Trainee: 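Sending over a structure as C-alpha cells; questions will come in a sec.
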Amino acid sequence: MRKFLISTAIATTFALPSLAATVAEGDELAETQEYNFWLLDAIKTTDPQKNTDVEGSQVLRQLFEGLMNEDEKGAMVPGVATDYTVSEDGLTYTFNLRPEAKWSNGEPVTAGDFVYGWQRAVDPANASQYAWFMELMNIVNASEIVAGDMAPDQLGVTAVDDNTLEVKLTKPTPYFVKMTSHTTTFPVLKSVVDEFGDDWTQPGNLVGNGAFVLTDHNLGVTITMEKNPEYWDADNVILTKMTGITVNDQNVALTRYQAGELDRMDIPAGQYPRLKEEFPDEAVSMPYSCSYAYLVNMSDKGREELQDPNIRRALALGLNRDIIVEQVLQGGQRPSYNWTHWATEGFEMPEIEMAGMTQEDRTAEAKRLLEEAGYTPDNPLNLTLNYNTSEDHKKIAVVAQQMWKPLGVNLTLNNMEWKVHTDRMQNQDFELARYAWCADYNEASTYLDYFRSTGSNYGEFNNAEYDALLDEAVTSDNPNEQYTAAEQILAAELPLIPIYHYANVDMIKPYVKGLALENVMDNWYGKDMYITAH
Amino acid sequence: MFGFILRRLAVAIPTLLLLIIFSFLLMHAAPGGPFTQERGLPPQVLANLEAKYGLDDPLWKQIVDYVWGILRHFDFGPSFVYPDRTVNEIIAAGFPVTLTYGLLSFILAVVVGVCLGAAAAIRQNTWLDYLAVGISIGAQVLPNFVMAPILVLIFTLSLGWLPGGGWSFDNPDYWIMPVIALGTSYMASIARITRSSMLEVLSSNHIRTARAKGLPESRVIRKHALKPALLPVISYLGPAFVSMITGSVVIDMYFSTGGIGKSFVDSALNRDYAVMMGVTILVGALTILFSLIVDILYAWIDPKIRY
C-alpha cells in the first residue's frame, strides 16, 4: 500500500506541465537570440546510442528529447513522457507520452520510437559502447541481448500503444527514472536510419524530436543547431540558434570568450580567483558531480605494504586537501574524505572521522601509523603513483609527494599518456593511480557501485558487507542509510584516497539566462534559455 | 629522366607498403586500444565492438583486409572514435583546410623568404641586410606556438579585426592568422638559406666573369646567381612543403581549424587505428611524391645533375 501511494505521488508530481524558457520579470530580450557555447573537442557523433562523451550529450539534449528532462537543479521533469506509474513490485514502469510530441519532420513521436532506440542500444550489431547503461538500468533481457544470446526485440520494453511505453525490470531500481534523461535512452526514428544508414546523423538527414535541429556540423570547428518549429513546446522556446564552437585549449577559449566569440567556457585551472575579482558577474563556480582520488591497488598484483589498512590510512591522513583545493586548484572544489560527491541529490554526507580532525592531528596520526609500520624519513616507504598527462594532475601529484615525504613516504611520479594509464589500471599494473569518477545519473549508487566486487573497481577492492549493503539499498525505503554505511566501509578500508569533489568553474556572459547553474550533472537545455538585451 | 621517374615510382609502392605494415604493427603494439576508456567496458560490449570493426581477427588478416580495401575501393575504413564517419570523410573534411592554409603559408614563406634572403645577400652589410637578418632571426625565435597567441592578442583582442579561431572557406579572415603563424618560421629559414647560398654564389668565379663581361647587375643576379643559389633552398622546400600541407598540430589546435594535423595526433592518442593509418599513408605518399618533384627540379635547375 505504501509503495502504491509513493507511485501515485510521483505520477502526480510529473503530471505538472513542463514549460520551456520563462523570462524573468524585468528582463528585456535581445533582438538576436543566439547562444555560442564552448566545446573542448569535436563532437564525435550525433547518434544518441553511439555517443559516449559529455560534450556529445550536451548537443544531443538539444536535438532529441527523452522520457524525462532535468530542471535547473537536476530534479526530474517531464520530457516526452508527461507522467509514469510504477507497479507495486517496482518492476514495471509505465510512461504516458504526450500526443503532441513530434519529430522535426512533423511525424508524431510514438512509444515505438523509444522501443527502437532502446533496442539499438543493446543490439550487438550496433555495437553501442553504452550498451552497459541499459544493463545498469536492469531492463529485462538487456544483458542477454548484449551477449548475443537473444534478439533485440526481446528487450523488456514495449509500446502498449502509440502513447504508452512499458518497461520491465529484472529488479527494483530506485534510480531508474533518473536514468531516462541520459542520451542513450533517447528515441530514434527508424525510417530515417533505414533510409540513410550511418549517414542518418548528418545535417539535413538527422530527424530529431528536440527543441533544435542540426543545421551544420563542421567537424572539429562548429556544430550549429536552429530552433525546431515542430517541437511540441516550440512556442515557448526563445533561442533561435545555438552554436557549439570547438576550441582545443582552455586558455585560447578564454581569449575567444573575451573577444565575444563564446558566451560560456570553462575557466583554466588556477585562474578563477583572478577572474572572479575582475569579472564578478561572469566567473561562477558550481558543484559538478565528479570525484577525484588516488586508487590503491588492492589486488594480488599490488604492493604488499598497501594491503595494510594502516598504511592506506596514513597516506589518506597525510594529504592536506585544503592546500590542494585552495592553493592548487583554486576553483571552488571541495576537499573530500569520501567517494560520493557532496552535492549528489538525496545524499547525506556521512560523518567521516578523518574529516572532523584538524590537519595537524591528521599529520601526527599519519606519522604515528607509519612509524608503527617501521617507516620513517630515514627508512621510507617507496611508492609509485601513476597519473595521466595533465598539468593539474602533475601539480597535485607533486604536492602529494611533498606532503608524504616528511612522513616517511617516497613517492615516485610516473606520468603516462591517457590510454597507457587506463590500460595499466585495468590490468592492475599500478601501486597508486590517479582516478576520477563522474556520475552517470544524479544518485549516490552511481559512485558506490564502482567499489562493488563486480564493479569497474580497478584496484579490485572486495568486501561482501559492502556488496550486501548496496544490494539492500535497491529495495530500501531510505537507501541513504545503506549509502552512509557503505561510505563508512570505504573510509575504514580506504581502497581509495579521496582528494576532492569537482566544481564547474565557468565564465558565463551575464546576458545568458536560463542556464542550469545548480544542476550537478551540468545537464542544460537550450529550450530553457534566452539572451537579454546587452 | 623518364626512366628515373619510373624507377622512383616503382620503389614508392613497396615503400608505402612497408610503411603501412610497420605503422600497423607499431600501433597495435602500443598499450591500450581504441575502446580503452576510463570506465572499462563489459567484456561482451568490448567483444561486440571488436567484432564490428574486425579487431578480433588475427593481425595479418587485419592488414590484408585493410590494404585490400584501399586497393579495391580506395576505402580507408571506418573511424573507431567518430562512429558515424569514415576515414575518407575525415580526411576529405580536414585535408582541404590544411592544404589551404599550408599552401598559402608556403607561398608566403617562399616569396618573402627568397626575396628577403636575396636582398640581404645583394646588399650585404647594409641596413637592408641587417633588417632582413633581424626579421628572419625574429621570426625564427618565435615558434608558431608563441606567434599564434601574439597574433590573437593583437588582431582579435586588441584590434578586433579577425576572428580568434575557427575556419571558413568562404571567409579569408579565418585564414590570415594560421597562414602567418605557420609561414613565418619557414620564411625565416628560407631567408637564411637563401642569403648564405647567395653570398657563396656571388663570390664565385662565374659571377666575377659575368660582371667582368659587363653584364648589368640585375641580369647577373637573375640569370647567373639566383638559380644556383636556390638549389639548397629547393632541397629544403620539399620536406617543408609536405610538413606544411599535411598540417600543424599547433596551428590546428590553437586556431581550431579542423585541419588534418590535429587528427594525426588525436588518432594516435585515441588509438583510432584507421584514421591514423589513413593520415600516415597520406603523409607518406605526399613525402615520396614531393621528394621526387624536388629531384626533378634539381635536374631542371642544374643540368649538370644526372640520374
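Order of the sequence lines fixes the chain letters, A, B, ..., with proteins taken first and strands second; residue numbering starts at 1 for each chain. Everything numeric here is computed off the predicted structure, so don't read it as measured data.
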Trainee: So, taking the atom named CD in A:Q258 and the one named CG in B:L153, what distance separates them when rounded to the nearest 0.5 Å?
Mentor: 9.5 Å

Trainee: As an exercise, state the distance from CG of B:N270 to NZ of A:K44, rounded to the nearest 0.5 Å.
Mentor: 6.0 Å

Trainee: Return the option, out of B:A148, B:P43, B:G258, B:P83, with the maximum number of heavy-atom pairs under 4.5 Å with chain A.
Mentor: B:P83

Trainee: Below 4.5 Å from any heavy atom of chain B, which atoms of A:T255 appear? Answer side chain, backbone, both or neither.
Mentor: both

Trainee: Quick check for you: among A:S456, A:A147, A:A436, which has the greatest number of heavy-atom pairs under 4.5 Å with chain B?
Mentor: A:A147

Trainee: So for A:Y450, is it side chain, backbone, both, or neither that comes closer than 4.5 Å to the heavy atoms of chain B?
Mentor: neither

Trainee: Shorter than 4.5 Å, heavy atoms on both sides: which option in A:N427, A:N388, A:T246, A:D440 has the most such pairs with chain B?
Mentor: A:D440

Trainee: If you tally heavy-atom pairs under 4.5 Å against chain A, which of B:R85, B:K52, B:E89 wins?
Mentor: B:R85

Trainee: Rounded to the nearest 0.5 Å, what separates atom CG in B:L41 from atom OG1 in A:T52?
Mentor: 9.0 Å

Trainee: Between A:Q426 and chain B, with a heavy-atom cut-off of 4.5 Å, which part of the residue counts as in contact: side chain, backbone, both or neither?
Mentor: side chain

Trainee: Please look at B:D266 and chain A and tell me whether the side chain, the backbone, both or neither of the residue comes under 4.5 angstrom of a heavy atom of that chain.
Mentor: side chain

Trainee: By a 4.5 Å heavy-atom criterion (distance strictly below it), what part of A:T46 contacts chain B: side chain, backbone, both, or neither?
Mentor: both

Trainee: Just wondering, are more than 12 heavy atoms of other shown residues or ligands nearer than 6.0 Å to NZ in B:K61?
Mentor: no

Trainee: When heavy-atom pairs shorter than 4.5 Å are enumerated against chain A, which of B:A51, B:G165, B:A93 gives the highest number?
Mentor: B:G165

Trainee: Minimum heavy-atom separation for A:V252 to B:Y254, with atom names?
Mentor: CG2-CE1, 3.2 Å

Trainee: Quick one: which of B:S79, B:G32, B:P149, B:G164 has the most heavy-atom pairs under 4.5 Å with chain A, could you say?
Mentor: B:G164

Trainee: Against chain A, label B:L157 side chain, backbone, both or neither, depending on which of its atoms sit under 4.5 Å from a heavy atom there.
Mentor: side chain

Trainee: With a 4.5 angstrom heavy-atom cut-off, is it the side chain or the backbone of A:D149 that approaches chain B, or both, or neither?
Mentor: neither

Trainee: CG/B:D84 to CH2/A:W200 distance, rounded to the nearest 0.5 angstrom?
Mentor: 8.5 Å

Trainee: Heavy-atom distance under 4.5 Å to chain B: side chain of A:W132, backbone, both or neither?
Mentor: both

Trainee: Measure distances from B:P42 to the heavy atoms of chain A and classify the residue's part below 4.5 Å as side chain, backbone, both or neither.
Mentor: side chain

Trainee: Which region of A:D41, side chain (C-beta onward) or backbone (N, CA, C, O), has a non-hydrogen atom less than 4.5 Å from a non-hydrogen atom of chain B, or is it both or neither?
Mentor: side chain

Trainee: Which region of A:D199, side chain (C-beta onward) or backbone (N, CA, C, O), has a non-hydrogen atom less than 4.5 Å from a non-hydrogen atom of chain B, or is it both or neither?
Mentor: side chain

Trainee: Check whether any side-chain N or O of A:E261 sits under 3.5 Å from a backbone N or O of B:P163 as a donor-acceptor pair, and report yes or no.
Mentor: no

Trainee: Roughly how far, to the nearest 0.5 Å, is the CH2 atom of A:W418 from the CZ atom of B:R271?
Mentor: 12.0 Å

Trainee: Let me know if A:I245 has heavy atoms under 4.5 Å from chain B in its side chain, its backbone, both or neither.
Mentor: neither

Trainee: What part of B:T257 gets within 4.5 angstrom of chain A, counting heavy atoms only: side chain, backbone, both, or neither?
Mentor: backbone

Trainee: Quick check: do B:T156 and A:R256 have side-chain heavy atoms less than 4.5 Å from each other?
Mentor: no

Trainee: Rounded to the nearest 0.5 Å, what separation is found between the CG atom of B:L269 and the NZ atom of A:K419?
Mentor: 9.5 Å

Trainee: For chain B, which candidate among A:A127, A:G220, A:G260 shows the most heavy-atom pairs at distances under 4.5 Å?
Mentor: A:A127

Trainee: How about A:L219 and B:Y82: do any of their side-chain heavy atoms sit closer than 4.5 Å?
Mentor: yes

